[in-house]
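Written out below as structure tokens is the structure these notes cover.
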Amino acid sequence: MKKVAFIFPGQGSQSIGMGKDFFENNDIAKEMIKKASDRLNIDFEKLLFEENDKLGLTEYTQPAILLVSSIANKIFKDKCDIQPEFVLGHSLGEFSALVAAGAIDYLDAIELVHKRGQFMTEACSDGGAGMMALVGIDDKVAEDICEAQRKEGKQVWPANYNQDGQLVLAGIKADLESLVDTFKEAGAKRAIVLDMSVASHCELLTSAVENLRPYLDEYLKDEFLPVISNVTAQEYTTKDEAIELLSSQLTSPVKYKQSVASNAQKVDAFIEFGNGVVLKGLNRKICKGTPTLNVSDMASLEKVIEEVNA
């Protein structure tokens with residue numbers, strides 16, 4: 001049996017219809033969706049499977065993604081007795097990873113990230129926040145520009161280190177827009193202001209940190225399987241560490257590529273649980289020698305079980 005890591009996508013992986021194959025073909029999925037709906041008083045069947053405007057709103061996106069990822073992982077673990085060497089998530093996905101690690105019950109996690117989404121939205125409620133994707137620019141060059149611009153009074157920070165040549169920034173949307181040409185002149189092939197009203201993983205979310213901490217303290221368990229922190233790219237296994245790192249995660253950049261690169265040698269394969277293949281695409285560029293498998297429906301689940309048992 002292969003050594004594996006479980007990995008979980010974050011915001012941006014959502015789409016209408018995600019998880020429907022699980023729901024239609026597995027009783028575990030039906031039960032988990034019903035319990036989640038009861039817990040938050042949100043009709044997750046409608047949110048996930050019917051056209052709506054809510055799935056794109058952060059406070060709904062986060063629990064929806066976590067729910068589908070947790071369903072995929074739960075069904076997999078029910079059918080395949082394999083323990084991961086570690087778990088890892090991208091941004092919001094770190095909370096899905098905590099569920100898989102046994103650090104938090106999935107219903108508590110769904111409520112927690114629903115609150116997290118609300119706190120993030122409140123912190124950016126003046127309407128000025130935004131994010132920008134940069135392609136083809138060196139990290140250090142982008143970091144130096146952000147630092148120089150902050151000294152000039154602009155509010156821009158690195159937010160997501162996805163892969164070499166792909167960096168996401170967060171800050172005030174007008175400040176980001178004003179720097180499009182600056183980044184292109186510095187070597188970026190593309191500098192795209194994203195259609196987002198929240199600035200994730202930067203100092204604009206400072207007010208959300210203290211709001212989130214009591215819920216982390218209430219819901220997290222004392223010990224669990226190794227989780228790789230987005231903040232440090234290193235593993236943690238205790239509640240006290242989790243509270244500090246998940247609080248810091250709100251205002252610190254996601255070190256996804258660093259997390260994968262520094263831990264890939266521990267496993268034979270990554271298994272991505274949830275909608276789409278976002279992390280599989282990133283991992284292909286980060287660690288070419290370690291494959292990433294994906295569990296997004298019943299057919300892919302069966303295929304992955306065959307591969308890890310081979």
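All values below were derived from every heavy atom in this structure, side-chain atoms included, with hydrogens, water molecules and symmetry-related copies excluded.
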Are more than 12 heavy atoms from other residues, nucleotides or ligands located less than 6.0 Å from atom [atom1] of [X]?
X	atom1	answer
Gln265	CD	yes
Asp195	CG	no
Asp126	CG	yes

Any sub-3.5 Å donor-acceptor pair from [X]'s side-chain atoms to [Y]'s backbone N or O?
X	Y	result
Ser259	Asn230	no
Asn52	Leu47	yes
Glu272	Leu279	yes
Asp21	Met298	yes
Asn211	Ser207	yes
Asp108	Ile104	no
Ser13	Pro9	no

Is there side-chain contact between [X] and [Y], with at least one heavy-atom pair below 4.5 Å?
X	Y	value
Glu94	Gln249	yes
Thr290	Val267	yes
Tyr236	Leu246	yes
Val99	Asp105	no
Leu301	Ile75	yes
Cys124	Leu205	yes
Arg150	Gln155	no
Glu45	Ile33	yes

What is the minimum heavy-atom distance between [X] and [Y], and which atoms define it?
X	Y	answer
Cys202	Gly171	SG-N, 4.3 Å
Ser200	Met131	N-SD, 3.6 Å
Ser178	Lys154	OG-NZ, 3.2 Å
Lys266	Asn263	NZ-OD1, 2.7 Å

To the closest 0.5 Å, what do you measure between [atom1] ([X]) and [atom2] ([Y])?
X	Y	atom1	atom2	value
Phe95	Ile110	CZ	CD1	13.0 Å
Gln149	Asp175	CD	CG	8.5 Å
Ile65	Asn275	CD1	CG	8.0 Å
Lys77	Gln83	NZ	CD	8.0 Å
Leu48	Phe44	CG	CZ	7.0 Å
Leu66	Asn73	CG	CG	10.5 Å

Applying the 4.5 Å side-chain criterion to the ILVMFWY set and letting contacts propagate, would [X] and [Y] be lumped into a single cluster?
X	Y	result
Met120	Tyr219	yes
Leu250	Val227	yes
Val254	Met196	no
Val68	Val113	yes
Leu92	Leu107	yes

Q: Evaluate the side-chain hydrogen bond (donor to acceptor under 3.5 Å, both in side chains) criterion for residues His90 and Asn162: first the C-alpha distance (whole Å), next the side-chain angles of each, then the deciding distance (0.1 Å), finally the verdict.
A: CA-CA 9 Å; His90 186 293; Asn162 290 333; 2.7 Å; yes
Q) In the hydrophobic cluster built from side-chain contacts under 4.5 Å, what are the other members alongside Val193? A) Met132, Leu134, Ile137, Val141, Ile145, Val156, Tyr161, Leu167, Leu169, Leu176, Leu179, Val180, Phe183
**Q.** Connected hydrophobic set around Val135, excluding itself, where side chains approach under 4.5 Å
**A.** none
Q.
Quick one, Asn283 with Tyr256, criterion side-chain hydrogen bond (donor to acceptor under 3.5 Å, both in side chains). Give me CA distance, side-chain angles, the key distance, then yes/no.
A. CA-CA 10 Å; Asn283 286 8; Tyr256 182 76; 2.7 Å; yes
(Q) Tell me whether the rings of Phe273 and Phe76 are parallel (<30°), tilted (30 to 60°) or perpendicular (>60°). (A) perpendicular
Q: Tell me yes or no: between the side chains of Thr121 and Gln118, is some donor less than 3.5 Å from an acceptor?
A: no
(Q) Less than 3.5 Å apart, any donor N or O on the side chain of Thr251 or His201 sitting next to an acceptor on the other? (A)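 On atom types as modelled, these side chains do not qualify, holding no pair under 3.5 Å.
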Q | side-chain hydrogen bond (donor to acceptor under 3.5 Å, both in side chains) partners for Glu122, two or more places apart | A |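 None.
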(Q) Tell me whether Lys74 forms a cation-pi arrangement with Tyr106, defined as NZ or CZ under 6.0 Å from the six-membered ring centre and within 45 degrees of its axis. (A) no
Q) Distance under 6.0 Å and angle within 45° of the ring axis: does Lys280 meet both against Phe270? A) no
Q: Would you please test Glu244 and Arg213 for side-chain contact (heavy atoms from CB on, under 4.5 Å) and show each step?
A: CA-CA 9 Å; Glu244 294 307 316; Arg213 285 180 72 97; 2.7 Å; yes
Q: Could you go through the side-chain hydrogen bond (donor to acceptor under 3.5 Å, both in side chains) check for Asn294 and Ser296 one step at a time?
A: CA-CA 6 Å; Asn294 178 266; Ser296 58; 3.1 Å; yes
Q: Start with the C-alpha gap between Glu51 and Lys46, add the side-chain angles, then the distance that decides, and say whether salt bridge (Lys or Arg N to Asp or Glu O under 4.0 Å) holds.
A: CA-CA 8 Å; Glu51 288 294 334; Lys46 286 187 176 180; over 6 Å; no
Test: [X] and [Y] ion pair at under 4.0 Å:
X	Y	value
Asp38	Lys34	yes
Glu111	Arg39	yes
Asp164	Lys285	no
Lys257	Asp139	yes
Arg116	Glu59	no

**Q.** Test log, rule salt bridge (Lys or Arg N to Asp or Glu O under 4.0 Å), inputs Lys35 and Glu31
**A.** CA-CA 6 Å; Lys35 286 184 175 180; Glu31 181 184 7; 3.0 Å; yes
Q: For salt bridge (Lys or Arg N to Asp or Glu O under 4.0 Å), just list the numbers for Lys239 and Asp217, CA-CA rounded to whole Å, side-chain angles, deciding distance to a tenth of an Å, and then say yes or no.
A: CA-CA 8 Å; Lys239 177 178 179 176; Asp217 185 56; 3.7 Å; yes
Q | Worked check of side-chain hydrogen bond (donor to acceptor under 3.5 Å, both in side chains) between Lys255 and Thr232 | A | CA-CA 7 Å; Lys255 295 180 179 176; Thr232 64; over 6 Å; no
